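Read the structure below first, then the notes.
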Amino acid sequence: MRNKPFNSIEETGRRQLEERLANLIGRRRDEVLRGIGKGTTVCRLPDSTDCTLQSGSMLLEGVHFDLSYSPLHHLGFKLLTSIAGDLYASGGEPFAATIGIAVPNKLSSEMVEQIWQGFDAAAREYSVEISGSELTASHQILVLSSNLTGKVAEADLIVPDHARPGELICVTGDLGAAMAGLRILVREKKLWEESGEDGFSPDLKDFEYVIQRQLAPVARKDLNEAMSSTDLRPGAAIHIKRGLIHEIDLICRGSGTGFELYSPAIPISLETRKVADEMKEDVDRYALYGGEDFEILFTLPENDEEKLRAVFDDFSVIGKVLPESEGMVIQTGEGESIRLDG
């Protein structure tokens, strides 16, 4: 009997694997406008001008969080935040959540309740009802999962693959802070382990901003709220979860375009820069590849920039959408052009 091939995910490549899985979708339905491989699932209801939105995620202990420095009540909040941002980036609003927790014996009932309080706090923040839940056992690690359902008028739906050449590339807030917070937490954990002390209380007051961005980020619903008072709509938008370059790449490959990114224009906080300096690391890598910033990346017709700033000013223009033939380019502050598409 021939041995079946075994290729690791690293060998296959995450994107290639996701593309293969995207073809295994069961039976196609007319109600599903955008499905697996397209980010948030969008469904059109019969005889309705509204669409339903669905998105979900999962957190695994030891992969996505470390209980030695992640407060339990932050875990539920962060998970719902990561999903709510997907729906806000689609132009919609969430209204119902389902939750699943697999709990190992090392957690008490009181600890599970702390996690649930985090879910509750996030649900209140995003005006969501927790409409279903499942609690089960786990042999070793804590696992959290959740799905959010939301809605959007079909005319207001924003998708990540409708960018057009000439549009501005914009981002809310600042980038790289979540990675900076993680670097501080990992460093302090190492110092604690090396100290051999039972109790360790590091002084983290100089790093409160970046640690908050790592442990308890808040979804950017304010961009939608500002735009709802105008006739402005992004050309394309996506939630920044895996890093700026990854998300720009998804927008442009899906839209059949290229991009030019202005590295000096990327918004990076002073606190994030301070961490990178202490670690002797490149702060641009935090912003470009760090992930978990949970900001909104969007494109906007050039003529709409000032109109948007009149109602919402917490965004930066960091580049421009190019024709596909011009490729994907980063312009550095030293006048160097870095091509990302070979």
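Nothing here was measured: the structure is a model prediction, and the numbers come from that model.
- Under a hydrophobic clustering in which Ile, Leu, Val, Met, Phe, Trp and Tyr are joined whenever their side-chain heavy atoms come within less than 4.5 Å, directly or via other members, Ile268 and Leu244 fall into the same cluster.
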Could you pull out all donor-acceptor pairs under 3.5 Å where a side-chain atom in residues 71-83 meets a protein atom, sequence neighbours excluded?
from, atom 1, to, atom 2, distance (Å)
Lys78, NZ, Gln214, O, 2.8
Lys78, NZ, Gln214, OE1, 2.9
Lys78, NZ, Glu292, OE1, 3.0
Thr81, OG1, Phe77, O, 3.0
Thr81, OG1, Tyr126, OH, 2.6
Thr81, OG1, Pro217, O, 3.1
Ser82, OG, Leu79, O, 2.7

Practice task
Assess whether salt bridge (Lys or Arg N to Asp or Glu O under 4.0 Å) is satisfied between Glu260 and Lys320, documenting all intermediate values.
Solution key: CA-CA 5 Å; Glu260 182 178 42; Lys320 181 172 285 190; over 6 Å; no
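- Both Leu87 and Val159 are assigned to one and the same hydrophobic cluster, defined by single-linkage of ILVMFWY side chains at heavy-atom distances under 4.5 Å.
- In this structure Arg253 satisfies the side chain to side chain donor-acceptor pair (under 3.5 Å) test together with Asp249, sequence neighbours excluded.
- Ion pairing between a basic and an acidic side chain is recognised when a charged N comes within 4.0 Å of a carboxylate O; Asp120 and Arg124 show such pairing.
- Under the 4.5 Å side-chain heavy-atom criterion for Ile, Leu, Val, Met, Phe, Trp and Tyr, Ile245 and Val329 are members of distinct hydrophobic clusters.
- The environment of NZ in Lys151 is sparse: at most 12 heavy-atom neighbours from other residues, nucleotides or ligands sit within 6.0 Å.
- Between Glu305 and Arg309, at least one side-chain nitrogen of the basic residue sits less than 4.0 Å from a carboxylate oxygen of the acidic one, meeting the salt-bridge criterion.
- Proximity of the aromatic rings of Phe294 and His239 is defined here by a centroid distance below 6.0 angstrom, and this criterion is met.
- Proximity of a side-chain donor or acceptor of Glu11 to a complementary backbone N or O of Ser8 within less than 3.5 Å is detected.
- Remark: Thr52 pairs with Cys43, Leu45 by the side chain to side chain contact (heavy atoms under 4.5 Å, CB included) rule, at least two apart or across chains.
- Between Phe315 and Phe312, the ring planes are parallel. Angles under 30° get that label, and only those over 60° would be called perpendicular.
- Taking hydrophobic clusters as Ile, Leu, Val, Met, Phe, Trp and Tyr residues chained together by side-chain heavy-atom distances below 4.5 Å, Leu107 shares a cluster with Ile99.
- Under a cut-off of 6.0 angstrom, the local environment of CG in Asn105 is sparse, with at most 12 non-hydrogen atoms contributed by other residues, nucleotides or ligands.
- Remark: side-chain polar atoms of Arg213 are paired, donor with acceptor, to backbone N or O of Asp293 under 3.5 angstrom.
- Listed by chain and number, the residues in a side chain to side chain contact (heavy atoms under 4.5 Å, CB included) with Ser325 are Pro323 (sequence neighbours excluded).
- Within the structure, ring-ring contact (aromatic ring centres under 6.0 Å, His included) contacts touching residues 206-235 (residues at least two apart or in different chains) do not occur.
- In the hydrophobic cluster analysis, where Ile, Leu, Val, Met, Phe, Trp and Tyr join through side-chain heavy atoms closer than 4.5 angstrom, Val171 is grouped apart from Leu223.
- Side chain of Ser131 to main chain of Ala97: a donor-acceptor pair is present (N/O by atom type, distance under 3.5 Å, no hydrogens or angles).
- At least one donor-acceptor pair closer than 3.5 Å links the side chain of Ser90 to the backbone N or O of Asp86.
- To the nearest 0.5 Å, atom OG of residue Ser255 and atom CG of residue Leu250 are 10.0 Å apart.
- What you find for Arg187 and Glu278 is that their closest heavy atoms are NH1-OE1, 3.0 Å.
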Result block: side-chain N/O donor-acceptor pairs under 3.5 angstrom for residues 134-149, not counting sequence neighbours:
from, atom 1, to, atom 2, distance (Å)
Ser138, OG, Ile141, N, 3.4
Ser138, OG, Ile141, O, 2.5
Ser146, OG, Thr98, O, 2.9

